[in-house]
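We use all heavy atoms of the structure for the numbers below, so side chains are in, but hydrogens, waters and symmetry mates are not. Chain letters run A, B, ... following the sequence lines, proteins first and then strands; every chain starts at 1.
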Amino acid sequence: MSREPDQATCKLLSCTNSPQPRKQGDLFPSPPILVAYGLESTSKTEVIVNVLQKKGIPYTLLRSRECLTQRHLLSKIFASCVSAFEQESQIEQYDKIDSINALLGNLRKLFERVGQRRFVVVIEGIDRLKQAGPTLLPALARLGDQIPGLSVLLTSNSPKPLMLQRAGVPYVHFPPYSRAEALRIITSPRRPRPQADVDEGEGSMSKLYAQFAITIYDSLISPTSSTSIETFCKVCDKLWPIFIRPVLGGEKPPGTGRDRTWDFAKLLVKNRGLFHSEAENALHDTLPAQLPAQLPQQQTETAPEIMSAPTTPSKRTAGLTGATSSSIPASKVLRQQQPPLLKHFPTLVLLSSYLASHTAPKHDILLFSRLSSASSTTSKKIRRLRQTPTKRKTGTTPNATPSKTNSGPATPTKSRTKSIFAANANLGIPRPFTLERVSAILRAVHPHGIPNRPGCVVSDRVYRELGELEKLRLVVRTTGAGLHGTTAGTGNTGTAAADDITEEKWRVNVGRDWVVDMGHVWGMGVSEYEIEQDM
Amino acid sequence: MEYEKCYAFEPESARPAKRRRVEPQGLHASWRARHEAYQKAWREQKQRIDAELSSINSSTVLELTKFLDGAAQSNSPGAIPTAVLSTGPDTSSRTSVIQQLSGTQNLLARKVFISISATTGGNLKALLKATIQKATSRNEGIDDQEDDSAAQNKGAKLLNYDLQILANYVREKRLQQVAIAIQDTEAFDSELLSELIELLGCWLDRIPFVFLFTIATSLDILQQRLSKGAIKCLKGQLFDVAPSEDEVERAFEAITNPSTSLWIGPELMSTALERQSDYIQSIGSFVGAAQYAYMSSYYANALSIFLDPAIKPSEVSADHFEALRNLDSFRDYCRGLLDNNEIVRLRGLFDSDDSLLKVVRAELNRGTEALANVMIAVEVVRELQLWAQGSRAAVTSKSKLYCQAMSNKLAGSSLVRSLLLSTRKARSDAAMRTLTAVMGVDIPKNLKQQCAKIRKELTDMVMNQPNTGQTLRSEDNIRNSTLRTTVVAQKVELSKQKSTLSKQDAAYTALLRRFTDLLDGYLNKTFIDPKSLLFHEIFLYDLKSPNRETFTPRPRHAIERALAAPHDYLDCSCCAPEQGDVTLAASQPATAVLYQLYLESGSLINVSDLWQAFQAVLGDAGQTEQQQMALFLRDLAELRYLGLVKGTRKRADHIAKVVWKGL
């Protein structure tokens, strides 16, 4: 996409513009360093490259995104200079580039050897460079001073000024495209329109397209991502074929009269639904994944709910609408036909891990002990106990509460005073749990109950299944035993933490929705074991 | 114990002084032969299983190959073509798909296929280094005789993680595609993976990348983990690998191949299958269970030496024949012979090893054949199910039916009865399909002939009926008859009224009945009780406990039991439970005493109280207090070593209970 010459370009031109060198090797007053900054997708690099090309100045373009380290960037600068001056054969005479000093020395040597020539190094997105040292930017800013003929052009996506440690650096600002500019770019005849091969009424089509683009911009782009012309492009490309399908499909436009035609208003009314669900999906980047074979029939199933057009769409329309829609419905349909992802026991372990991570140990007695299972409704009991916190200790004989963890219940007064902090600190953050706790919870939440005869292999199996889940990263091992201990020592976490370093702990790694989905397959839920975080 | 993490075991002397019996005796003498027989038998079985399993994903591999070819042809700018391979939590299937794919892809001249995993590198640099190295170090033999030594030295030396190396390589070799398979997407750090994708996305204009992710969980999770920029770089397509149930069925089929000599019994098979369906397990562990069954049968059952059909009487010692004569099934057989007054034959079996061997051979053949026939009958039942229910989903899996049939639950069962009934109600077109399907199974010859005869008659009947094109209906179908109620002498009589069934229909019904009777007879004859076969102890292995001990061990239970009831292990007379109800006794090991006291206490244990209780249990059995204290401290250390107790910050003189019994 091209950018019309605007203010920024003019400024850039004036910066690089120098009086014509009278003879080869003349010093020219072009700045040793120039910074172009502006938000992403404001075509900084394209403009710079075009200007340099037009003026016939030799240059090289380096992307700092492709560089992993500072050293990588430095060696690339030198390598590109060498190849630009066609000095590859003498590469052995130069030092290895492992520091800024080496680069400077090498470049000096190189420029002396080839004679003083103008050369511009354009480094794109310098703010994105990984592992950049503190001296890199100042050094780059001074490179042009040290080596006559070389100038460095940096572009930056961030509005923050670069730490160049140098006064008088010319900055060129690239403002984001305004509405008019964006629309001009999108509707410019030079940009190929999607489905431009439609032969009927080329002129009217482009007019329709312009109106369409305006609508898209105002409804979708300007409130969400007005700076990104790429998103605009993509959304237009995605939606335009759907939008004009009534025309191409030869549908009769509504209304009376013999020479009625599809105009923009009619199309818009027809495609009302398009601007709700589908357009919003088009804004999101999803990993579009479709099964190649089963695609069509599944898509037709999901299509009606996507397409909420007033008139019933034809079969073809529905199928094609689905095909361009986001892939998420398709994958959902797919999952129902497939065998469940997790088998019965792993699901149970995952559920227990989730509960262990998201239940405070002090609630264990309420939720997972005989106390809770004996009552008809757990929630009623919880509520009653909550009102009278002193009663909480009723019926807690030590052996009857196997699910209690090593950290004993805090005293009521203590918990009340720090409840605000506790609720805020632990909201939604999974806490680590021990093997003993998860197997106790598993015993409590097992839908059929585990027979209490000796020799039941369940608890020995938990450790293995935790390992399997860990391999899938649904559960992760926390290394924080030692770390946790130190924080407990300072008194930040009230509950006494594990002071045994060798103790293994895990933490659930997926969100509630996913766990609920998995449990749903086997008819297990977590909601009956949850209490609100308000106490 | 605490300070020594490991130690080197050094046996004191090479040979014990006592003279050993080196040569195996008795039944053990055939051990070597059985070992060889096992290896031969399992090798054949393993080959069958491998062949089945490798073919299972061939369609996926084909699809992926197509995808890769398509991606190589159409270069889409801006987004890396990505195949997302959804494999399920089982790890073995994904590696096999990737391996097969890389085998085929790397043979192509203009393509590179590399696979990386999370262990390849912990950071971006290492990952890129490995990737570049793998991609460029492909076997050079394929390439034509280009002189690339000049190109190597061109330009400055690049850093080894610079993708420029790969780009140069791609340009030199004119590669069409660099496919990168990421094996365990879940195991990658999500940030690292996103960075890698974004970086490779930058180079897409110079290097034609294609991605292959294998995911064990769901696409949503992958999408959540990747950064927005990374997702922008990908253009994905989802592929499915065959689910693990399929794999199990295939492996099962290979294991119950008709030519196998050793059959795995229903109990053992059903526990293995159950384990497979309940837990995340690779197919390898199922195969492992089968292999272990083979091993335990061949190694522990001396009579399995007879499974080798080429065994000579001279190679078998007399002990084996003696053992053979003591088998339960052989005794029953002998009793049968006696009842039939075949005393001479019986005498021969007792006296002559040769004649016994002959019988054994014949009976083993007969037995395995009978079991193979059971498998065929199972297949017939499945075909009937398929045509009666009309969908593949309603068909019971072969392994399940096998377990039922082998435990003799299928003959005359309600399942078979209802199947035959619904077959009897079928219309002529459905019946024709069923007939054809049953004939497609490898059923015995005479049954097949009879079926063919019935089919021919049916075809004639359908062709010869007056209004052709109409299907014939069965009288047995209730929908074809109406119930009529009549009141005769104040009693309601129900009478069935056949509704307008033609003569042809009646004939058709008779024909169908013939067919189902035929099938019924066949099934009843074939579904035998395997335990009734002579010498089934040899060719049928159905012992659960060795497999259970190996594949589902219970260490926790064992430790708890050893500490809580030491008598179970020690079997000493001093603390036998008959001596009153006291479970705590001074004669028990001190650690067990301490453990039982530990079980009685709460989550926090006062050490002083524990010591006093311990002292009270030990009593004054001639030990000084110092000795008792030493014992106590040692046992407490042992409990801590086992991870049962630990110190607590809450109270200085307490220890915390960590493990509860019976969890």
Heavy atoms from other residues, nucleotides or ligands near [atom1] of [X] exceed 12 (cutoff 6.0 Å):
X: Lys130(A); atom1: NZ; value: yes
X: Glu549(B); atom1: CD; value: yes
X: Arg651(B); atom1: CZ; value: no

Are the side chains of [Y] and [X] in contact, using a 4.5 Å heavy-atom criterion?
X: Asp460(A); Y: Thr552(B); value: no
X: Arg65(A); Y: Leu199(B); value: no
X: Glu66(A); Y: Arg206(B); value: yes
X: Lys125(B); Y: Leu68(A); value: yes
X: Thr69(A); Y: Tyr161(B); value: yes

Does any backbone or side-chain atom of [X] lie under 4.5 Å from a heavy atom of chain B? Answer side chain, backbone, both or neither.
X: Val510(A); value: side chain
X: Ser83(A); value: neither
X: Leu348(A); value: neither

Choice from Lys96(A), Arg71(A), Arg63(A), Glu470(A) maximising heavy atom contacts with chain B below 4.5 Å: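 Highest number of heavy-atom pairs under 4.5 Å: Arg71(A).
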
Polar side chain donor-acceptor pair, Trp514(A) to Ser218(B), under 3.5 angstrom: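 Checked: Trp514(A)/Ser218(B) side chains pair up, N/O donor to acceptor below 3.5 Å.
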
Pair Asp162(B) + Lys76(A): basic N to acidic O under 4.0 Å: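 Counted as a salt bridge, because a side-chain N and a carboxylate O are separated by less than 4.0 Å.
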
Part of Glu198(B) within contact of chain A (heavy atom distance under 4.5 Å):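 It is both, since atoms from each part get that close.
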
Leu200(B) portion near chain A, given a 4.5 angstrom heavy-atom threshold: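 Answer is neither: Leu200(B) stays 4.5 Å or more from chain A.
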
For the residue pair [X] and [Y], what are the closest heavy atoms and their distance?
X: Glu186(B); Y: Arg473(A); value: O-CG, 2.9 Å
X: Pro346(A); Y: Tyr279(B); value: CD-CA, 4.2 Å
X: Leu159(B); Y: His72(A); value: CD1-CA, 3.5 Å

Chi angles and distances behind the salt bridge (Lys or Arg N to Asp or Glu O under 4.0 Å) call for Arg128(A), Glu195(B): CA-CA 12 Å; Arg128(A) 297 277 299 271; Glu195(B) 270 183 14; over 6 Å; no

